[in-house]
Amino acid sequence: MPETLRQLLASESAVTSITARGWVRTRRDSKACSFLEITDGSCFKGLQVVVDAALPCAELMPRILTGASIEVDGDLVASPAAGQKWELQAREVRLLGEADATYPLQKKGHTPEFLRTISHLRPRTNLFGNVFRVRSRMSFAIHRFFQEQGFFHVHTPVITSSDCEGAGELFRVTTLKQGSNAKPEEDFFGRPTYLTVSGQLQGETFACALGNIYTFGPTFRAENSNTARHAAEFWMIEPEMAFYDLAADMTLAEANVRYLVKAMLEECPEELEFFNKFVDKDLTARLQHTLTKPFERISYTEAVDLLLKSGRSFEHPVVWGEGLQTEHERYIAEEHVKGPVTIYNYPKAIKPFYMRQNDDGKTVAAMDLLVPGIGEIIGGSQREERLDVLRAAMEHHGLSEADYQWYVDLRRYGSVPHAGYGMGFERLLMFVTGVSNIRDVIPFARTPGHAPY
RNA sequence: UCCUGAGUAGCUCAGCGGUAGAGCGGGUGGCUGUUAACCACUAGGUCGUAGGUUCGAACCCUACCUCAGGAGCCA
């Protein structure tokens, strides 16, 4: 198999007769030789290739512009100049694919907004190469976190007929022709179907069989949200645990965030250094702070009190029974706690039917984990396991039991206390990279009016 | 969806009523074990689209489109 630059650059000593491949970042010519910097995506660093002007292949140089792909045979030698440990003294250069002057990626910096318009080329840039290498490592770390604790990965359906109530607008999935008068019964599945907004309800069925499970997959929301924190298609991690109460749920959520922050610090040092230098100068300090400082927990009622006593004038009034606004959450996470904080026991009126009612009759065992800069990164709850209470909640929310019969069955047959949460994968990536727009941590972002690939 | 702001060369931007500019990128030449190299010359534009005001519009007005930031909703 061809060696990657990551492997070549890790060499302990000079090596004769190697072959390197990659895309040209820049070419600098001198009278005696040309310097090419190539990258192949395997790591942040590139390899400097030195091509002696006397070599026959030197006549290729005018055609080797930024973006071209090349293959080089030569010797890996210690670089006599500052800037790199190793360089490749070329013997033969083959131009695999030319890139002409219209290649959009220049040696100078580009705005993320421009790079979003060329999502097929932006992974070749420093910023996006780093983002997507981190995305892959974080994805693996998530599986590790759960698998190390004996959780089972469950593949919940992408197409579903159940609306995880309260989770937002749905994308319809149909094979019926547009404008058709056909009834839903005549559609492919014989009923209306949608892209999933959450695997939670199906996840609960597996938690009530395998114990501790998690899902990690794409979810879809047809909300007309135009913000830096929302996408119509995003990835979500949803663990669901039998015999967990809300406190255990919060403990796992905190451990989950910490584990991933630690993975970022330990497994992505090159990328972290780049983000800290060019994206967010406080990133490394904030991530380290996240590991050392215990996460705080504040009940919703305490949160409302501290907001009222803060002396701050908020644009939206602080009222017990209403949802916390972005400005309220930001104040709590960024100014009051100055770190990650979990807010729990929300008013039952503003939360979905499946959350467990607390004994006060006014709140449910729900929790949101907020991080500075991003806001809500995790939302979860203990689920209502009592058959009669769940039925009453469904009736109150105007849901028919017939539509959720399988879900209610979990409470009818061997019901157990259980809890879970959902973590937005992209929001986690924003937190660990410092990248401020969700569109820049997804390979191909889907937002309202935008799905060009 | 609402509020605010922005659309000028391939990219980043300046120009804000009177002949369309710079840097980078491209081309040509020079110089140099170079490091987003450097120096000189050069090519490159229906100023987002459509109307309007004006002797004259990139600039002022209207509508629309697109993008960004903030808000709502949420992960």
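- In this model, the phosphate group of B:C31 is approached by a side-chain N or O of A:Lys31 to a distance below 4.0 Å at OP1 or OP2.
- Phosphate contact (OP1/OP2 of B:U12, side-chain N/O of A:Thr111, threshold under 4.0 Å): present.
- Nucleotide B:U12 forms a Watson-Crick or G-U wobble pair with B:A22, both donor-acceptor distances falling under 3.5 Å.
- For B:G33, neither phosphate oxygen OP1 nor OP2 lies less than 4.0 angstrom from any side-chain nitrogen or oxygen of A:Gln48.
- For A:Gln89, the side-chain atoms get nearest to B:G33 when compared with the rest of B:G26, B:C74, B:G33.
- Nucleotide B:U54 forms no Watson-Crick or G-U wobble pair with any nucleotide shown, as no partner meets the under 3.5 Å limit on both distances.
- A donor-acceptor contact under 3.5 Å is not formed by the side chain of A:His110 with the base of B:C11.
- Here B:U28 sits opposite B:A40 as a Watson-Crick or G-U wobble pair (both hydrogen-bonding atom distances under 3.5 Å).
- Partner assigned to B:U66 is B:A6, using Watson-Crick or G-U wobble distances below 3.5 angstrom.
- Look at A:Glu267 and A:Lys262 and you find no salt bridge, because none of the NZ, NE, NH1 or NH2 atoms lies under 4.0 Å from a carboxylate O.
- If you check B:C74, B:A75, B:U1 against the side chain of A:Asn224, the one that comes closest is B:U1.
- Residues from residues 433-453 of chain A that place a heavy atom under 4.0 Å from any atom of RNA chain B, listed by number: A:Asn437, A:Ile438, A:Arg439, A:His450.
- Within the 4.0 angstrom heavy-atom criterion, base atoms lie near A:Phe35.
- Regarding contacts with the backbone of B:G25, every side-chain N or O of A:Thr66 stays at 4.0 angstrom or more from both OP1 and OP2.
- The side chain of A:Arg221 contributes no N or O atom lying less than 4.0 Å from OP1 or OP2 of B:C74.
- As the counterpart of B:G17, no nucleotide is assigned, since no Watson-Crick or G-U wobble pattern has both distances under 3.5 Å.
- At a cut-off of 3.5 angstrom, the base of B:U34 holds no donor-acceptor pair with the side chain of A:Glu37.
- Base engagement by A:Gln84 is indicated by at least one non-hydrogen atom pair under 4.0 Å involving a base atom.
- Taking the side chain of A:Ala228 as heavy atoms from C-beta on, and the options B:G69, B:C11, B:C74, the nearest nucleotide is B:G69.
- Checked options A:Gln357, A:Glu385, A:Arg383, A:Glu384; the residue passing with A:Leu390 is A:Glu384 (criterion: side-chain contact (heavy atoms from CB on, under 4.5 Å)).
- For the pair A:Arg21 and A:Asp40, the salt-bridge criterion is not met [side-chain N within less than 4.0 Å of a carboxylate O].
- Closest approach of A:Val131 to A:Phe275, counting heavy atoms only: N-CZ, 3.7 Å.
- Nearest nucleotide to the A:Asn226 side chain, out of B:A37, B:C11, B:U1: B:U1.
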Please walk me through it: do A:Ile438 and A:Arg229 pass side chain to side chain contact (heavy atoms under 4.5 Å, CB included)? CA-CA 5 Å; A:Ile438 195 166; A:Arg229 284 171 224 85; 5.6 Å; no
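- Heavy atoms of A:Ile237 sit nowhere under 4.0 angstrom from any nucleic acid atom.
- Taking the 5.5 Å centre cut-off and the 30° plane limit, the aromatic side chain of A:Phe234 is classed as stacked on B:A75.
- By the ring-ring contact (aromatic ring centres under 6.0 Å, His included) test, A:Tyr259 pairs with A:Phe145, sequence neighbours left out.
- Between A:Gln325 and B:G72 there is a side-chain polar atom (N or O) within less than 4.0 angstrom of OP1 or OP2.
- Donor-acceptor pairing under 3.5 Å, judged by distance alone, is present between the side chain of A:Ser225 and the base of B:C73.
- When both distances must be under 3.5 Å, the Watson-Crick or G-U wobble mate of B:U1 is B:A71.
- For B:G10, the base has a donor-acceptor partner in the side chain of A:Gln106 [N/O atoms by modelled type, under 3.5 angstrom].
- Screening A:Arg144, A:Arg137, A:Met138 against A:Phe140 for a side-chain contact (heavy atoms from CB on, under 4.5 Å) leaves a single residue, A:Arg144.
- Each of A:Glu240, A:Glu238, A:His143 was compared with A:Tyr214 under the side-chain hydrogen bond (donor to acceptor under 3.5 Å, both in side chains) criterion, and only A:His143 meets it.
- A close approach under 4.0 Å does occur between a side-chain nitrogen or oxygen of A:Arg116 and OP1 or OP2 of B:A68.
- For the pair A:Phe114 CZ and B:G25 C1', the computed distance is 11 Å after rounding to whole Å.
- Across all strands shown, A:Leu428 has no heavy atoms under 4.0 Å from either base or sugar-phosphate atoms.
- Distances shown here put every side-chain N or O of A:Thr326 at or beyond 4.0 Å from the OP1 or OP2 atom of B:G70.
- Side-chain to base pairing of A:Glu327 with B:G70: no donor and acceptor N or O lie closer than 3.5 Å to each other.
- Distance noted for atom C1' between B:U42 and B:A68: 36 Å (whole Å).
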Let me see the working for A:Thr219 and A:Val197 under side chain to side chain contact (heavy atoms under 4.5 Å, CB included), right down to the final yes or no. CA-CA 5 Å; A:Thr219 47; A:Val197 291; 5.8 Å; no
